[in-house]
Each structure stands twice: as C-alpha cells, then as structure tokens.
Protein chains: 2
Amino acid sequence: MASPMYRQIAEGLRDEIESGVLEPGQQLPTESDLQDRYSASRNTVREAIRMLMSLGLVETRPGQGTFVTKKMDPFVTTLVADPRTGDSDTYNFQVSEQKRKPSLSDVQLEMQKADAQLAARLGVREGSRVISRHQERFIDDTPWSLQTSFYPRSLAEQGAELLADDDDIAGGAVKYLAQTLGLQQVGYRDLITVRAPNAAEVTFFNLPPDGRVAVYEIVRTAYDQTGTAMRVTVTVYPTDRNEFTVEIGAVPNDLSQPGKGDPSS
Amino acid sequence: MASPMYRQIAEGLRDEIESGVLEPGQQLPTESDLQDRYSASRNTVREAIRMLMSLGLVETRPGQGTFVTKKMDPFVTTLVADPRTGDSDTYNFQVSEQKRKPSLSDVQLEMQKADAQLAARLGVREGSRVISRHQERFIDDTPWSLQTSFYPRSLAEQGAELLADDDDIAGGAVKYLAQTLGLQQVGYRDLITVRAPNAAEVTFFNLPPDGRVAVYEIVRTAYDQTGTAMRVTVTVYPTDRNEFTVEIGAVPNDLSQPGKGDPSS
DNA sequence: AACGATTTGTTCGTATGTATC
DNA sequence: TGATACATACGAACAAATCGT
C-alpha cells in the first residue's frame, strides 16, 4: 500500500513501455480500458498518464488516444571549431552536412540596455546600450533555435556600422569586425544551461505549454586579441530535438551515426 | 474565453512571479485563497499550480504551502581540458576550485555486454564483454552525478589488470593506461543530451518522481594515438543544479561569477 | 455536409489521507 | 491534539477533437 494507485498504474505502463511490450508510436489502452483493467476511476487513470507524459514516455492526442513517444532524430551541433572561425558560417555548414535544409529569418535589430548579467559578460556598464541582433533559425522548415547576439555599441561607433544595420552581414560578423576594426576573435567561452521555456519560446518552437520540454540556453562569449569581450550570443534550443558535441584534440570522424534509435538487437 | 480557466489562473500567477510581485521563496496564496480569488473549484486551482510546477516556477510542500522556486546556485563543470589530461583528476580539481567538498563512492565494477550503441562508440563487436566502472559523485554531500566508464576488456587482458579491479586507480585511469600499455589519450568527443531521469536516477538524485527535472547525459569517447576508442564515459547530472562550459582558444579568467541569481538591479 | 461514436480535455463537487505546525 | 494545507481518489457532466459512415 506504499505508493498511491496512480503511481502503480504508471509503473505498470512504464514497464510495458520500457520492456518493449508497447512499442514507440503504438497506442496505449484508452482511459476507459485502463479504468477497467485497474479498477480505478478515470481521474486516477489520467493522473497516471499525466505522469508518463511528464516523463516523456507517452503523448496524448485529443480525439485519438495516447501513444508511446517516438523520439525524433536529433540535430547535432558541434560547439567547437577553429578559434579563428566559429561564426554564423558554421551554422550553415553544420546543417548542410547533415543533409537538412537550413533557413534563417531576417535579422531583428534592437538597441537595448544591458542588464547586470549581460553587462558583466560583455564588459560594459550595467544599463549601457548594446546592439541586439536577433534571428530565428529553422531546419527543414521546423523551428530549431532562437539566437540573439549582443555587441557593445562602441563597436558600431568605431566604424563597424553594419552591426547597427538591419541587414545580414555577408561573410559573418566575425570577419566583418576583423576587416573594419582589426578585431580578431581569439577564443570564446560557451555556457550551457537547461531551463523551462518561456512563453515566447513555447510559441515559436511549438512546445507543450506546460513546460515538460525544456530548452538549452547556450551563451557564447567571444573575446578579441586584447582579451576583451567583443560579442555575447545567446542561443536557445528545445531539448527534445537537439544534441551537442565537443571535440578536443585528435578525434576520428564521427561514424557512430545515432542510427534510428531502434534497439535492433 | 479562449484558454481554459486553469491556464488563465496559471498565467496570472506566472505574471506575478516573473514581475517579482511574488519573490523566490515566498509563499503563494493557499489553494483555498485562490479558489476565492478566481472563483474556481479547488481542482481547477490545483491544475493551475500543477502547470506552474511543471514549468519549474513553484514547488509545493505538503502541510506548508506552495512556494516560488528558489534556484539553487549551480555547479559549473568545464568540458574542455588539455587533451593529455581530462581524467578523473579534473573532477577533484574543478570541485575544489569552487570551494566545495567533493566525495566519491567506491567503484562498482561489472562485466557487461556492449549494446549496439556502446559497441559502436567503443569500436567493439556488439555483445562483446566490456569493463564497466561505476561511481557515485557528491558535492558537499549532496548527490551530484552518476558516472560509468566502459573499457574494452582487451585492455585488461593486455596488461592493464587494474581496470578489472574493484579499486580506485591512483593517478587516474588515463595515466595508468599510458604507463602500462603506452596508450596516450590524444583527444575525445563529448556528446551532450538531455532526457527525463530513470527510476534509479530519481532515487539517487532525490528528484521529483514525475520527471519534471531532466538530466544531462554526457557521453565522452576518448581516443588513443592510433585513433582507437579507449574509453567511453557516461555521466548523468540533474539539470537543476548543473551547468557546463566549453572554452576554446584564449579566454580570460571567468570573473562573471553567476552571482546569487538575484536580480538585484 | 451532417451525424454519431470514440477519445481526450476541462470543470465541478465531495470525501478522505498525510504532513506540518 | 487540533487546525491548516497539500495529496489522493471517486463520481459526474459537458466540451472539443477525430474518425468513419
């Protein structure tokens, strides 16, 4: 009598799923069926299913039924690159290598005041103005990530006017800054966190509104040859369709394609 | 009238939380209060709170109330290191740098059959035996990560007997393999994914059983000078108290300590 | 296009259990 | 011990989405 009824039901179904009795994509018994099978009320059965949903094991479709989750094949982003590159070019390259069609929205440009955290990262005073360049990124027409790059406004004032311009920067911002201001990107730091999506992210990525799918937030701070932060880029990815790799030193080419995810033993 | 009542209630409370009217750690109105405030039934109010919980904004404590979540300050793990190191030593070093006390469980050693995925990564035949060395890792006596390293059994047969031994390997396994077999770790690849915790992880990390706190799974495949995989390490961390960084090229020391997380603007 | 059957979604009422103070 | 607050469980009704006739 230790654990409540709804959890016992969830355990039972969970076992069936993880043992493969119920395969990915397959429909679970209806709530009505489960009521009979476990002699529990509908609400209790629903409680069990809700738990499985929260665990990412099943998904419900109104009017249809409840189904074992089929994991979509992830897109893998590589976080390292040669220190001298690591710009937006990298994005297109990575995507095309995996034979998917990337696309980008227009740049949405804003002047914003830096909050405490951003100011610290960018090495500017809190409350000072920064250039914010925001883009939506898609792969095969499904929303894949939201990216915002921040630059100190001083960069535009010193001659890199295109930064404060609403257009795409041909060849990438890193190259542009090298050409106009002589700024070399000599290194960067990525900070990887995971959190629940906010309302805008739920809308853009088409995520379930209850936050059961989290998002990665990757903050990349890039430094120039003087050790000064020249850019901070924040990119948000849903965790359900993204993975990341880091490669250090001599690493053979990736042959271990994740496969179908089928345990085809 | 578009969205259901429970979501409107959740929206209202969410606004109060995100605008700071309700501060982290503060108690929300009781379910009874919220019934009156929104003239909804208790179940509907609970539905709203459940959504906020799923979003990680609040937590409930039986007999006490519902409280705005206070983010615990994260432990930051750096994924890069010099290619020649990157062993368990790194772990102790990183932890002590942040002035926390690390501790490790005994090594739990097993011989296992490699499943398809592990076999591909480790470059062995599926179903062949591998050495599995499992450890629980704590920081300040709270469970922090679960780590399992896999080695081809051939390594132990070729002279690295300690791998198949139940003891800690003084100085780290990488150094040991270099000394006994001349294997140099020349590089590694990390694969970062996020998923719901399994039952064992829920227990060890003391996570809510409904899976609303996800875990990172970091798979590190290390290669020797011949381009052969010499080790695969799988480490699992709860997302609610861990962050990761990757540093490439010349990067100044990290001064941007994440602070208390307080928006003390 | 219309309708009915099926299935999940939302909301209410009520009762009882368990944890905390 | 009692009061308070959240957790579990049942029953019921109607709404909304989906599918087939």
Side-chain angles (χ1 to χ4, degrees), chain A residues 1-14 17 22 25-70 202 206-212, chain B residues 1-14 17 22 25-70 202 206-212:
Chain A
M1 198 66 74
S3 65
M5 174 76 14
Y6 78 90
R7 243 194 261 179
Q8 296 181 30
I9 298 175
E11 288 293 315
L13 292 171
R14 182 178 183 155
I17 292 169
L22 292 168
Q26 192 179 341
Q27 182 170 7
L28 267 70
T30 66
E31 293 174 353
S32 190
D33 291 341
L34 291 172
Q35 280 185 62
D36 298 344
R37 184 192 297 188
Y38 291 97
S39 17
S41 75
R42 180 168 174 228
N43 281 336
T44 301
V45 166
R46 281 178 63 76
E47 198 73 18
I49 289 175
R50 184 187 308 235
M51 183 163 168
L52 296 177
M53 216 168 359
S54 175
L55 285 165
L57 294 174
V58 304
E59 64 187 18
T60 59
R61 303 182 207 139
Q64 293 187 252
T66 305
F67 300 83
V68 181
T69 303
K70 228 187 317 197
V202 163
N206 214 337
L207 301 176
D210 64 357
R212 67 176 175 272
Chain B
M1 198 71 73
S3 62
M5 177 69 29
Y6 78 90
R7 243 194 264 179
Q8 296 181 31
I9 298 175
E11 287 293 315
L13 292 171
R14 182 178 183 154
I17 293 170
L22 292 168
Q26 192 179 339
Q27 180 171 8
L28 267 68
T30 66
E31 294 174 351
S32 189
D33 291 341
L34 292 172
Q35 280 185 62
D36 298 344
R37 184 192 298 187
Y38 291 98
S39 19
S41 77
R42 180 165 174 232
N43 282 335
T44 301
V45 166
R46 280 178 63 75
E47 199 73 18
I49 290 175
R50 177 177 311 202
M51 181 163 169
L52 297 176
M53 216 169 355
S54 175
L55 285 164
L57 294 174
V58 305
E59 62 186 22
T60 58
R61 301 180 209 142
Q64 292 186 256
T66 305
F67 301 83
V68 181
T69 303
K70 230 188 313 196
V202 162
N206 214 337
L207 301 176
D210 65 356
R212 65 176 176 272

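When reading the values below, keep in mind they use all heavy atoms of this one structure, side chains included, and skip hydrogens, waters and symmetry mates. Every chain is numbered from 1, with letters handed out A, B, ... down the list of sequences.
- Side chain of A:T66 to main chain of A:L28: no donor-acceptor pair is present (N/O by atom type, distance under 3.5 Å, no hydrogens or angles).
- Atom CG in A:L34 sits about 15 Å away from atom C1' in C:dT6, given to the nearest Å.
- Distances shorter than 4.0 Å separate none of the side-chain N or O atoms of A:T66 from OP1 or OP2 on C:dT7.
- Atom pair B:M53:CE and D:dC6:P shows a separation of 11 Å (rounding to whole Å applied).
- Using modelled atom types, no side-chain atom of A:Q8 and backbone atom of A:Y38 make a donor-acceptor pair closer than 3.5 Å.
- Going from atom CZ of B:R7 over to atom P of C:dT10 covers 6 Å, rounded to whole Å.
- Comparing B:R61 and A:R61 against DNA chain D, the residue whose closest nucleotide sits nearer the 5' end is B:R61.
- The side chain of A:P62 sits closest to C:dG9 out of C:dT11, C:dG9, D:dA7.
- When all heavy atoms of A:A40 and A:M5 are compared, the closest pair comes out as CB-CG, 4.3 Å.
- Residue B:Q27 contributes atom CD, which lies 14 Å from atom P of C:dT20 at whole-angstrom precision.
- Electrostatic pairing of B:E47 and A:R50 counts as a salt bridge here, judged by a charged N lying under 4.0 Å from a carboxylate O.
- Atom CZ of A:R46 is separated from atom C1' of D:dA7 by 18 Å (rounded to the nearest Å).
- In this structure, A:A40 and B:D33 both approach DNA chain D, and ranking their closest nucleotides by distance from the 5' end singles out B:D33.
- Distance CG (A:L28) to C1' (C:dT6): 16 Å, rounded to an integer number of Å.
- The side chain of A:Q64 lies closest to D:dC19, out of D:dC19, D:dC6, C:dC12.
- When the nucleotides C:dT11, C:dA15, C:dA19 are ranked by their closest atom to the side chain of B:T44, C:dT11 comes out on top.
- Taking side-chain N and O atoms only, B:T60 has a distance below 4.0 Å to OP1 or OP2 of D:dA7.
- Closest to the side chain of B:N43, from the set C:dG13, D:dC6, C:dT8, is C:dG13.
- Out of D:dA9, C:dT10, D:dA7, the shortest distance to the side chain of A:R42 is found at C:dT10.
- In this structure, the CD1 atom of A:I49 is 14 Å from the P atom of C:dT10, given to the nearest Å.
- The CD-C1' distance, from A:Q35 to D:dG11, rounds to 10 Å in whole Å.
- The side chain of B:S41 lies closest to C:dC12 when the candidates are C:dG9, D:dA5, C:dC12.
- In terms of modelled atom types and a separation under 3.5 Å, the side chain of B:E31 and the main chain of B:I49 share no donor-acceptor contact.
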